[in-house]
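Remarks on the structure that follows.
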There are 2 protein chains.
Amino acid sequence: MLSFTEENYLKAIYHLSESGSKAVLTNEIAEAMSTKAASVTDMIKKLSTKNFISYEKYYGVKISRQGKSEALMIIRKHRLWETFLVEKLLFNWDEVHDIAEQLEHIQSPLLIQKLDEFLGFPKSDPHGEPIPDKNGKISMPSSMPLHDQLPGYAGSIVSVKDSDSNLLKYLNRIGATPGKKIRLLAKEEYDESLEIEVDEKRLTISKAVAQNILVAV
Amino acid sequence: MLSFTEENYLKAIYHLSESGSKAVLTNEIAEAMSTKAASVTDMIKKLSTKNFISYEKYYGVKISRQGKSEALMIIRKHRLWETFLVEKLLFNWDEVHDIAEQLEHIQSPLLIQKLDEFLGFPKSDPHGEPIPDKNGKISMPSSMPLHDQLPGYAGSIVSVKDSDSNLLKYLNRIGATPGKKIRLLAKEEYDESLEIEVDEKRLTISKAVAQNILVAV
DNA sequence: ATAAAAATTTAGACTAGTCTAAAAAAATAT
DNA sequence: ATATTTTTTTAGACTAGTCTAAATTTTTAT
Ligand SMILES: [Mn+2]
Ligand SMILES: [Mn+2]
Ligand SMILES: [Mn+2]
Ligand SMILES: [Mn+2]
């Protein structure tokens, strides 16, 4: 049984493992967890002893099968709860992440099974992020940040980063939500802002925004 | 902001305060929390500093207005979640208490407000226990343990103790659920077992069971 | 190849919560 | 009224998680 804190570290390590195939560095984890490197060193020793990660001094950390499976269960819970909050309790999509950060630690396999059923076995959460199934299988949609596309790109929005409430409010305002058709018209050299068409409107978005919109490729 | 542990102590102290108008003793709290008296002394000092209780050395503890209000919010959350689990997720009434013990600590006033609304502002939980409203107002139904009634008593079940899964399974089996009509036919001197009629069936129940069935008076 | 800079680990301290054992106070019995 | 028992508090230690500061290792720059 993992503690709250251990679960949060493991989740962070999982996410960092996904973006980049190399070992995860101590400072990256510290940054992600808003903590200090010294604290991370202590924790990765602990998680290593419990075989959720493999750890080589000064080199970094790799998540194990067991660790990945555990992390995916936490992510499953997080995304199911977010779906519940939006679909059933009628929260706005920008209000649910912080609450799900708490709810994801509730321990009860039966609860998650029944919640999944109550929601009709959703495949993705309100932000378009895929929900791992009960076996930890997650179908990674092939997507890339809009920012990395070339002018002329036409496709649809798969998902958006869900942890920044202000970003989500903004995206909702301009109609940039998962499933929407989107086109990249031009890229401004100077600040890498993009001219796009989304929700049948033309507008300009900043690089920072474009990096957090994942589109189908 | 209270910690998990502080919330659990406060809740225990509230419940102990309700049953009996005297100060709550260190050993009573230790018993209720399954911990040692020395640990309790530490914690009541802390809760006292934060003005949730008043504490006099060697004498005991009294809960403050602020402490009562805080405790009632936790109880409100606990009972709303239990109601959700039974009404919406179709849990059995004996499966929900332990999960609600976790869920009651989730911090989000908006979540509780929306949950309350989603459930149709229920007045009592699956075990018949009253749900405090958003202002912490709780309507204490006038009830007493069936065990304390005299033969000839006829009335209905108000609530049952909810923390023992085996008791709840048993009560469900014999049809002794909140709202049901119940009559006390006779009391056995030797072991204080009761002959009752409930759910249109006559049966004998032990003292231990009769103490945990609260009936209208 | 060596020096400087950056990243990581270790050492030691702190808080929250818990425990056991001992001391002190209160309650009870003679 | 005194002695015994019970309850409560204190003292000191332990774990989880965190921090700062110092030591060590690795990387980068000259
Ligand atoms: Mn989220
Ligand atoms: Mn999400
Ligand atoms: Mn309960
Ligand atoms: Mn209940």
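Each chain gets a letter, A, B and so on, in the order its sequence line appears, and its residues count up from 1. Keep in mind that what you see is a predicted model, and the values were worked out from it rather than measured.
Ion pairing of B/K11 with B/E101 is present here, as a side-chain N (NZ or NE/NH1/NH2) and a carboxylate O approach within less than 4.0 Å. Under the 4.0 Å criterion applied to side-chain N and carboxylate O atoms, B/K77 and B/E104 are not assigned as salt-bridge partners.
Comparing C/dA21, D/dT18, D/dT8 against the side chain of B/A38 picks out C/dA21 as the nearest. Each of C/dT18, C/dT9, D/dT9 was ranked by its minimum atom distance to the side chain of A/I44; first place goes to C/dT9. Comparing C/dT9, C/dT20, D/dT18 by their closest approach to the side chain of B/K36 singles out C/dT20.
What separates CD1 of B/I29 from C1' of D/dT7 is a distance of 13 Å, to the nearest Å. Here the C1' atom of nucleotide C/dC19 and the CG atom of B/D42 are 10 Å apart, to the nearest Å. C/dT8 atom P lies 14 Å from atom NZ of A/K45, rounded to whole Å. Taking atom CG of B/L25 as the reference point, atom P of C/dA26 lies 14 Å away to the nearest angstrom. B/E31 places its CD atom 12 Å from the P atom of D/dT7, with the value rounded to the nearest Å. For the pair A/M43 CE and C/dT8 C1', the interatomic distance rounds to 17 Å; values are reported in whole Å.
Donor-acceptor pairing under 3.5 Å is recorded for the side chains of A/N8 and A/H105. Using a 3.5 Å distance cut-off with no hydrogens or angles, the side chains of A/Q211 and A/E192 do not pair a donor with an acceptor.
Contact annotation: B/S39 side-chain N/O to C/dC19 OP1/OP2 distance is under 4.0 Å. Put simply, A/T26 has a side-chain N or O that comes within less than 4.0 Å of OP1 or OP2 on C/dT9. In this structure, A/N27 does not reach the C/dA6 phosphate: none of its side-chain N or O atoms is under 4.0 Å from OP1 or OP2. In this model, the phosphate group of C/dT9 is approached by a side-chain N or O of A/T41 to a distance below 4.0 Å at OP1 or OP2. Within the structure, a side-chain polar atom (N or O) of A/T35 is placed less than 4.0 Å from OP1 or OP2 of D/dC19.
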Distance-only criterion, 3.5 Å: show the donor-acceptor pairs between side-chain atoms of residues 123-131 of chain B and protein atoms not counting sequence neighbours.
from, atom 1, to, atom 2, distance (Å)
B/D125, OD1, B/H127, N, 2.7
B/D125, OD1, B/G128, N, 3.2
B/D125, OD1, B/E129, N, 3.0
B/H127, ND1, B/E82, OE1, 3.0
B/H127, NE2, B/W93, O, 2.9

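Taken residue by residue, residues 52-62 of chain B places heavy atoms nearer than 4.0 Å to DNA chain D at B/Y55, B/K57, B/Y58.
Checking side-chain atoms of B/E18 against main-chain N and O of B/H15 turns up no donor-acceptor pair under 3.5 Å.
B/Y9 comes within contact range of the sugar-phosphate backbone alone, with a heavy-atom separation under 4.0 Å but no base atom that close.
Aromatic ring pairs are classed by plane angle as parallel below 30°, tilted from 30° to 60° and perpendicular above 60°; the pair B/F84 and A/F118 is perpendicular.
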